[in-house]
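Bear in mind the structure is a predicted one, so any value in this text is a computation, not a measurement. The figures that follow rest on heavy atoms only: side chains count, while hydrogens, waters and symmetry mates do not.
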Amino acid sequence: MPIDPTLPYDDDNIFAKILRGEIPSTKIYEDEWAYAFPDINPQAKLHILVIPKGKYVSWDDFSARASAEEIAGFVRAVGHIAREHGLVEPGYRLLANVGAHGGQEVPHLHVHLFGGQPLGRMIA
């Protein structure tokens, strides 16, 4: 169900529970700024979700409220994961949905990292 990115952060969202260890996940990467794990409904050969450890509802919330260190750390984590998986040369896609029109379903900022195959112009 699409969410309203202007609402306050919901501590009971699934990604908050994953960060707290209440819901198991397969860790692909973790540092002080980000946590990454495979999407449970992959849309490409490689489909990784990267989430910041801070309480941010959406990309808009993150870009407005996160510190420069959090933003740099999160962006660097996404790049590190792509490089670690050998995606730079063949290419990859990043996607961050915001709000109902953007198709956001979890009220915690997350970036989808797609790769491992030709993706075409858009993912359906």
Side-chain angles (χ1 to χ4, degrees):
M1 180 167 105
I3 62 103
D4 180 345
T6 65
L7 293 177
Y9 185 81
D10 175 9
D11 280 314
D12 287 328
N13 77 72
I14 190 168
F15 294 162
K17 291 178 180 181
I18 287 172
L19 285 171
R20 291 192 302 263
E22 296 169 8
I23 295 176
S25 64
T26 302
K27 178 174 69 172
I28 289 176
Y29 176 84
E30 183 175 19
D31 66 15
E32 67 181 294
W33 309 112
Y35 182 78
F37 53 97
D39 192 293
I40 62 168
N41 184 25
Q43 303 297 304
K45 184 176 178 182
L46 182 72
H47 185 172
I48 298 170
L49 295 176
V50 187
I51 60 176
K53 289 193 171 176
K55 296 179 178 186
Y56 301 103
V57 175
S58 66
W59 190 267
D60 180 70
D61 184 28
F62 183 67
S63 66
R65 294 190 316 104
S67 70
E69 293 81 15
E70 286 176 291
I71 293 169
F74 182 71
V75 171
R76 285 189 176 114
V78 172
H80 176 83
I81 295 161
R83 288 188 301 278
E84 204 171 62
H85 285 83
L87 298 177
V88 176
E89 185 275 324
Y92 61 96
R93 175 171 295 142
L94 299 175
L95 174 69
N97 300 317
V98 178
H101 283 190
Q104 185 178 1
E105 295 179 344
V106 178
H108 185 110
L109 169 62
H110 54 288
V111 171
H112 297 261
L113 190 155
F114 302 102
Q117 70 186 68
L119 298 170
R121 293 182 58 107
M122 297 296 283
I123 291 180

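At a threshold of 4.5 Å between side-chain heavy atoms, the hydrophobic network of Ile, Leu, Val, Met, Phe, Trp and Tyr places Ile71 and Val78 in one connected group. Residues Leu94 and Ile51 do not share a hydrophobic cluster, defined by chaining ILVMFWY side chains whose heavy atoms lie under 4.5 Å apart. Residues Leu109 and Ile14 are members of separate hydrophobic clusters, defined by side-chain heavy-atom contacts under 4.5 angstrom among Ile, Leu, Val, Met, Phe, Trp and Tyr.
The shortest non-hydrogen separation linking Gly73 to Asp31 is O-OD2, 4.5 Å. Between Asp12 and Asp10, the shortest heavy-atom distance links the atoms N-OD1, 2.9 Å. Among all heavy-atom pairs drawn from Ile18 and Ser25, the shortest one is CG2-OG, 3.5 Å. Residues Trp59 and Ala96 come closest through the heavy atom pair CE3-CB, 4.3 Å. The minimum heavy-atom distance linking Leu19 with Pro52 is given by the pair CD1-O, 3.7 Å. Pairing each heavy atom of Asp61 with each of Arg65, the nearest pair is OD1-NE, 2.5 Å.
The backbone N or O of Val106 sits less than 3.5 Å from a side-chain atom of Gln104, completing a donor-acceptor pair. At distances below 3.5 Å, not a single donor-acceptor pair connects side-chain atoms of Glu105 with backbone N or O atoms of Asn97.
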What side-chain donor-acceptor pairs closer than 3.5 Å can you find for residues 110-120, not counting sequence neighbours?
unit_1, atom_1, unit_2, atom_2, d
His110, ND1, His108, O, 2.7
His112, ND1, His47, NE2, 2.7
Gln117, OE1, Lys45, N, 2.6

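Take Glu32 and apply the side-chain hydrogen bond (donor to acceptor under 3.5 Å, both in side chains) test, not counting sequence neighbours, and it matches no residue. With sequence neighbours left out, the ring pair (Phe, Tyr, Trp, His ring centres under 6.0 Å) criterion links His80 to Tyr29. Residues satisfying the side-chain hydrogen bond (donor to acceptor under 3.5 Å, both in side chains) criterion with Asn13, sequence neighbours excluded, are Tyr9. A search for side-chain contact (heavy atoms from CB on, under 4.5 Å) contacts involving Pro38 returns Thr26, Ile28, not counting sequence neighbours. Residues that satisfy the side-chain hydrogen bond (donor to acceptor under 3.5 Å, both in side chains) test with Asp11, not counting sequence neighbours, are Lys55.
Ring geometry for Phe62 versus Tyr56: interplanar angle over 60°, hence perpendicular rather than tilted (30 to 60°).
Enclosure of atom CD in Glu89 is not indicated, since only 12 or fewer non-hydrogen atoms of other residues, nucleotides or ligands lie within 6.0 angstrom.
The side-chain heavy atoms of Ile3 and Pro107, taken from C-beta on, include a pair separated by under 4.5 Å. Between Trp33 and Val75, every side-chain heavy-atom pair lies at or beyond the 4.5 Å cut-off. Contact annotation: the side chain of Leu46 never approaches that of Tyr92 to less than 4.5 Å [non-hydrogen atoms, C-beta and beyond].
Contact check on Lys53 versus Glu30 returns a salt bridge, with a Lys/Arg side-chain nitrogen under 4.0 Å from an Asp/Glu carboxylate oxygen.
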